[in-house]
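In what follows, a structure is listed as structure tokens, so that the remarks can point back to it.
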Number of protein chains: 2
Amino acid sequence: MSDQSVSSLCDYLCRVVYFEHLNPATIEYIAARLIPRRAVAGELLFVEGEPSAGLWLIQHGRVKFYKINPDGQEQILRLCGDGDTFNDIGAFDRGPNPANATALHDSRLFTLPTDFLCNLIQREPAFAQRVIEVLSSRLRLFTHQIENLTLYSVVVRVARFLLQQIENPSLSGPGVTRMAMAAHLSTTPQTISTVLRELESMGAIEFDRHHIRIVRDDLLRTIALL
Amino acid sequence: MSDQSVSSLCDYLCRVVYFEHLNPATIEYIAARLIPRRAVAGELLFVEGEPSAGLWLIQHGRVKFYKINPDGQEQILRLCGDGDTFNDIGAFDRGPNPANATALHDSRLFTLPTDFLCNLIQREPAFAQRVIEVLSSRLRLFTHQIENLTLYSVVVRVARFLLQQIENPSLSGPGVTRMAMAAHLSTTPQTISTVLRELESMGAIEFDRHHIRIVRDDLLRTIALL
DNA sequence: TCTCCGACTTCATTTAGATGAAGTGCTTCA
DNA sequence: TGAAGCACTTCATCTAAATGAAGTCGGAGA
């Protein structure tokens with residue numbers, strides 16, 4: 001905890017979904033238990049099936065949480081950024097890691113051990129309540145993901161992904177390459193290229209190698225069938 | 001509650017994941033709040049986006065929980081049977097129903113209102129703990145589902161589905177037609193037919209219009225890449 | 001018992017999107 | 001400053017699975 005003041009850690013924790021509405025004393029108590037970790041771009045944080053280290057929190061950086069098949073094909077379940085948490089499942093049910101995680105960019109992270117979290121659930125009903133709400137929202141997210149992947153074409157999926165960027169900054173920026181988008185939307189970088197070109201020719205977006213800018217939000221929304 | 005004794009309701013509740021380890025007094029308290037419902041085969045129970053009626057429990061029957069796209073194409077998120085619960089998300093986060101539900105077969109059901117469940121979470125830490133565990137396991141399930149749908153071929157998906165039948169009886173039996181299997185595995189009834197024939201010719205299963213029997217568990221497991 | 005309808009099967013055809021190959025242009029690191 | 005390497009683009013080809021059409025089967029209801 002050497003290089004960070006307790007108060008800055010508390011400021012950070014207050015912006016994490018799980019801890020938002022907790023009282024300052026509890027926040028401080030949690031801050032003292034944060035285990036700081038660092039990762040460089042491309043670093044593997046943990047592997048599916050291994051015992052879980054608990055809940056992971058991102059202070060600053062970008063992380064992909066993903067499954068992989070025997071051919072090496074990847075499915076990114078979630079792209080996470082500043083203030084996000086991941087491996088929630090492994091943290092709360094004491095089971096093994098449900099997927100792999102690697103840093104897409106140099107990152108500063110924390111972990112909180114499962115035992116500590118379970119104690120907190122027992123001691124703080126407000127926290128338990130919050131955990132239930134967050135898990136429900138994750139469930140809702142996965143529900144949408146299954147819907148998108150199975151009921152809509154790649155064009156629709158890409159359009160929806162771009163629209164989500166507006167709310168969720170972890171979906172763009174450093175580390176989120178065409179390859180990552182493809183692995184998240186269950187397609188290939190080539191197809192992403194083609195689709196982006198198509199969206200551009202319709203006048204919905206503008207893009208170059210680095211940025212994708214939404215030109216006509218309404219048109220994109222129509223394409224996304226929203 | 002007219003036609004069912006309190007003790008038989010309690011016996012039922014003790015077999016539902018959420019209430020397994022609660023003390024008898026609490027179980028009895030919950031039993032008194034169960035709202036009984038009946039449904040005939042094909043009956044729509046609720047629609048995505050509408051306010052949630054709370055948690056649904058199946059006493060006896062079969063229910064599909066699914067998304068639908070503008071073309072009418074269905075994606076079954078979960079097939080539920082005796083003792084299962086559904087609409088957990090809508091029940092715990094006070095949000096709208098995350099998907100549609102219809103009975104696949106004549107069913108006896110219950111609902112428990114959200115307010116009651118939220119109170120219970122506050123009053124019974126053991127229940128809150130259990131809710132967190134169950135939601136985590138649902139999340140794990142969806143994680144697997146996304147993996148199966150995006151990283152494996154239809155043959156593998158069907159093989160895995162058949163293997164799950166052994167543990168989860170709601171995946172077979174009345175109401176679970178080729179159409180339902182197809183909608184769950186994101187494919188078509190025709191493809192299911194072809195794949196079953198293929199699995200039969202390999203000697204892994206035997207089947208007719210009504211039953212699918214696993215002949216060689218080990219072979220099926222190999223095909224499923226497990 | 002008969003008939004009708006919906007679920008299932010089979011096969012020929014089509015298609016969305018994957019794959020493979022070839023080339024371009026950043027960006028990093030020597 | 002140069003070169004290597006990786007991400008990205010484009011296009012031709014291929015393929016898993018969807019679609020459509022036609023026929024079979026079996027159970028429910030008359």
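Being a predicted model, the structure only gives us computed values, none of them experimental. All chains are named by letter (A, B, ...) in the order of the sequence lines, taking the proteins before the strands, and each is independently numbered beginning at 1.
- The side chain to side chain donor-acceptor pair (under 3.5 Å) analysis of residues 10-19 of chain B, with sequence neighbours excluded, yields the pairs B/Tyr18-B/Asp88.
- Counting only residues at least two apart or on different chains, the side chain to side chain donor-acceptor pair (under 3.5 Å) pairs with a member in residues 170-186 of chain B are B/Asp84-B/Ser170, B/Asn168-B/Ser170.
- Residues passing the salt bridge (Lys or Arg N to Asp or Glu O under 4.0 Å) test with A/Arg140 are B/Asp93, sequence neighbours excluded.
- In this structure A/Asp218 satisfies the salt bridge (Lys or Arg N to Asp or Glu O under 4.0 Å) test together with A/Arg216, sequence neighbours excluded.
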Show me the side-chain donor-acceptor pairs of residues 194-203 of chain B shorter than 3.5 Å, one per line, residues at least two apart or across chains.
{"unit_1": "B/Thr194", "atom_1": "OG1", "unit_2": "B/Gln190", "atom_2": "O", "d": "3.0"}
{"unit_1": "B/Arg197", "atom_1": "NH1", "unit_2": "B/Glu200", "atom_2": "OE1", "d": "2.8"}
{"unit_1": "B/Ser201", "atom_1": "OG", "unit_2": "B/Glu198", "atom_2": "O", "d": "2.9"}

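- Along DNA chain D, the stretch of nucleotides lying under 4.0 Å from any heavy atom of chain A spans, 5' to 3', D/dA7 to D/dT10.
- No donor-acceptor pair closer than 3.5 Å links the side chain of B/Asp71 to the backbone N or O of B/Gln73.
- Each end of the helix from C/dT1-D/dA30 to C/dA30-D/dT1 yields a helix axis from five base pairs, and these two axes differ in direction by 40° (to the nearest 10 degrees).
- Sorted by first then second residue, the side chain to side chain donor-acceptor pair (under 3.5 Å) pairs that include residues 152-163 of chain A, not counting sequence neighbours, are A/Asn148-A/Arg160.
- Contacts of residues 178-200 of chain A with DNA chain D (heavy atom under 4.0 Å): A/Arg178, A/Met179, A/Gln190, A/Ser193, A/Arg197.
- Taking the six-membered ring where tryptophan is involved, the planes of B/Phe86 and B/Trp56 are essentially parallel, since the angle between them stays under 30° and well short of 60°.
- For residues 143-159 of chain B, proximity to DNA chain D is found at B/Ser153, B/Val154, defined as any non-hydrogen atom under 4.0 angstrom from a strand atom.
- Of the residues in residues 202-213 of chain B, B/Phe207, B/Arg209 come within less than 4.0 Å of DNA chain C through at least one heavy atom, sorted by number.
- Scanning residues 64-82 of chain A for heavy-atom distances under 4.0 Å to DNA chain D yields an empty list.
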